[in-house]
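Values reported hereafter were calculated over all heavy atoms of this structure, with side chains retained and with hydrogens, waters and symmetry mates removed. Owing to the predicted nature of the structure, the values given are computational and were not obtained by experimental measurement.
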There are 2 protein chains.
Amino acid sequence: MSKLDKQSGKKPDKQLDRKVDKMKQDYSIRELAKEFDVTTRTLRFYEEKGLLNPSRSGQTRVYTMADRTRLKLILRGKRLGLSLDESAEIILMYDPVGTNSKQILSLIDKIQDKRLQLEQQQKDLELTLLDLEAAEQRCSESLSRIH
Amino acid sequence: MSKLDKQSGKKPDKQLDRKVDKMKQDYSIRELAKEFDVTTRTLRFYEEKGLLNPSRSGQTRVYTMADRTRLKLILRGKRLGLSLDESAEIILMYDPVGTNSKQILSLIDKIQDKRLQLEQQQKDLELTLLDLEAAEQRCSESLSRIH
DNA sequence: AATTACGTTTACGTTAACGTCAACTTTAAA
DNA sequence: TTTAAAGTTGACGTTAACGTAAACGTAATT
């Protein structure tokens with residue numbers, strides 16, 4: 001029996017289970033933490049910062065698919081070296097917050113800025129990879145000379 | 001008159017100026033800071049951490065071309081989201097520190113690790129760029145609908 | 001002689017992103 | 001019913017990467 005069942009009740013409800021298992025809907029804080037290899041403290045912290053906002057069942061947090069997705073984006077951002085605020089900004093870019101054309105235009109500007117920054121990162125990445133390849137090459141040559 | 005001239009003396013020394021301007025050799029802390037848009041505090045901090053080690057003229061720091069290069073690499077690392085320690089590690093990978101094959105093999109391992117990490121970053125970068133492009137697209141469509 | 005410009009060291013302050021208790025509640029199991 | 005497991009909210013601690021300020025030296029300019 002899955003943890004989800006544990007949460008929603010003891011005996012699985014056949015009525016609801018019929019076609020609704022198309023995708024896991026809700027997650028406990030532990031589940032999510034485990035899946036993404038972060039601590040629960042981290043998840044609470046992200047919530048405190050407004051990056052996640054799970055609903056509550058009593059006072060217990062219940063994470064939805066949307067939260068999971070945002071968490072994924074945050075962690076992706078981290079791997080890129082972005083700060084939480086930067087990731088938050090980017091996530092906001094993904095869904096249309098502004099409704100009037102002035103806001104949309106400003107959003108487009110911000111998107112362009114980020115793109116430029118990320119493209120610079122791409123260049124830096126490639127340079128670094130090239131350097132590493134060269135270093136590896138030299139190592140190999142050293143080895144063959146030793147042998 | 002360049003700052004270099006200021007440093008070496010008031011009147012440019014014809015003797016030394018003859019062919020020695022093939023490349024700027026030394027930099028004051030201000031020059032380097034200005035060129036890379038960091039503060040002098042930052043340069044001293046990097047030195048404290050062992051990332052740079054300028055020679056001294058009296059107690060005044062004199063940065064060489066080697067320092068400049070390392071600084072460049074450090075800042076490149078920063079743009080990738082690397083910590084100073086990580087950048088330091090990478091820089092160490094660039095020149096052969098170990099002489100025996102065991103050390104070299106371990107270095108190769110570390111290089112591979114970094115490469116894997118950076119390649120993961122590349123993937124994340126591309127995904128993020130794709131997301132941003134899509135977001136930009138949606139913005140444009142919103143605009144055209146408004147118009 | 002006094003100011004200005006650049007350099008130095010020492011040391012405390014700051015922000016981000018959590019870690020690490022502590023003290024407590026609620027639910028599930030033995 | 002006691003215990004164990006997972007949840008909660010504070011609140012203080014920690015590390016990295018500098019910022020900022022104090023107190024001082026030196027050298028050139030006014």
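Nearest-nucleotide positions on DNA chain C place B/Arg56 closer to the 5' end than the other of A/Thr42 and B/Arg56. When the nearest nucleotides of DNA chain D are assigned to A/Ile29 and B/Phe45 by heavy-atom distance, the more 5′-ward of the two goes with A/Ile29.
Considering only side-chain N and O atoms, B/Thr60 lies nowhere under 4.0 angstrom from the phosphate OP1 or OP2 of C/dT8. Look at A/Tyr46 and you won't find any side-chain N or O under 4.0 angstrom from OP1 or OP2 of C/dA17. Close to D/dC18, at under 4.0 Å from its OP1 or OP2, lies a side-chain N or O of B/Lys78.
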Exercise. I would like to know whether B/Arg56 and B/Glu47 meet salt bridge (charged side-chain N to carboxylate O under 4.0 Å, His left out); could you show each step before the answer?
Key: CA-CA 12 Å; B/Arg56 303 292 177 114; B/Glu47 181 179 353; 3.0 Å; yes
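The distance from atom CG of B/Asp37 to atom P of D/dG19 is 11 Å, rounded to the nearest whole Å. Rounded to whole Å, the distance from CD on A/Glu47 to P on C/dC18 is 15 Å. Here C/dG7 presents its C1' atom at 15 Å from CG of B/Leu32, a figure rounded to the nearest Å. Straight-line distance from the CG atom of B/Leu71 to the P atom of D/dC18: 11 Å, rounded to whole Å. In this structure, A/Glu48 atom CD and C/dT15 atom C1' are separated by 15 Å, rounded to whole Å. For B/Leu84 and D/dC18, the CG to C1' distance is 9 Å, given to the nearest whole Å. To the nearest angstrom, P of D/dC18 lies 10 Å from NZ of B/Lys49. Rounded to whole angstrom, the span from the CD1 atom of B/Ile74 across to the P atom of D/dA17 amounts to 11 Å.
Residues A/Arg115 and A/Ile111 form a side-chain contact, since some pair of their non-hydrogen atoms from C-beta on lies under 4.5 Å apart. Side-chain contact between B/Arg70 and B/Leu51: absent, with no pair of heavy atoms (C-beta onward) separated by less than 4.5 Å. Between B/Leu82 and B/Gln117, the closest side-chain pair of non-hydrogen atoms falls below 4.5 Å. A/Tyr63 places none of its side-chain heavy atoms less than 4.5 Å from the side chain of A/Gln25.
For B/Arg44, taking side-chain heavy atoms from C-beta onward, the closest of the listed nucleotides C/dT8, D/dT8, C/dC18 is C/dT8. The side chain of A/Ser28 sits closest to D/dG7 out of C/dT8, D/dG7, D/dC18. Set against C/dT8, D/dT8, D/dC18, the side chain of B/Gln59 has C/dT8 as its closest nucleotide.
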Listed pairs, N/O of protein and of nucleotides 20-24 of chain C, under 3.5 Å:
| from | atom 1 | to | atom 2 | distance (Å) |
| --- | --- | --- | --- | --- |
| C/dT20 | O4 | A/Arg41 | NE | 3.0 |

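The stretch residues 101-111 of chain A participates, sequence neighbours left out, in these salt bridge (Lys or Arg N to Asp or Glu O under 4.0 Å) pairs: A/Glu89-A/Lys110.
Annotation for A/Leu143 and B/Leu105: closest pair CD1-CD2, 3.6 Å, computed over non-hydrogen atoms.
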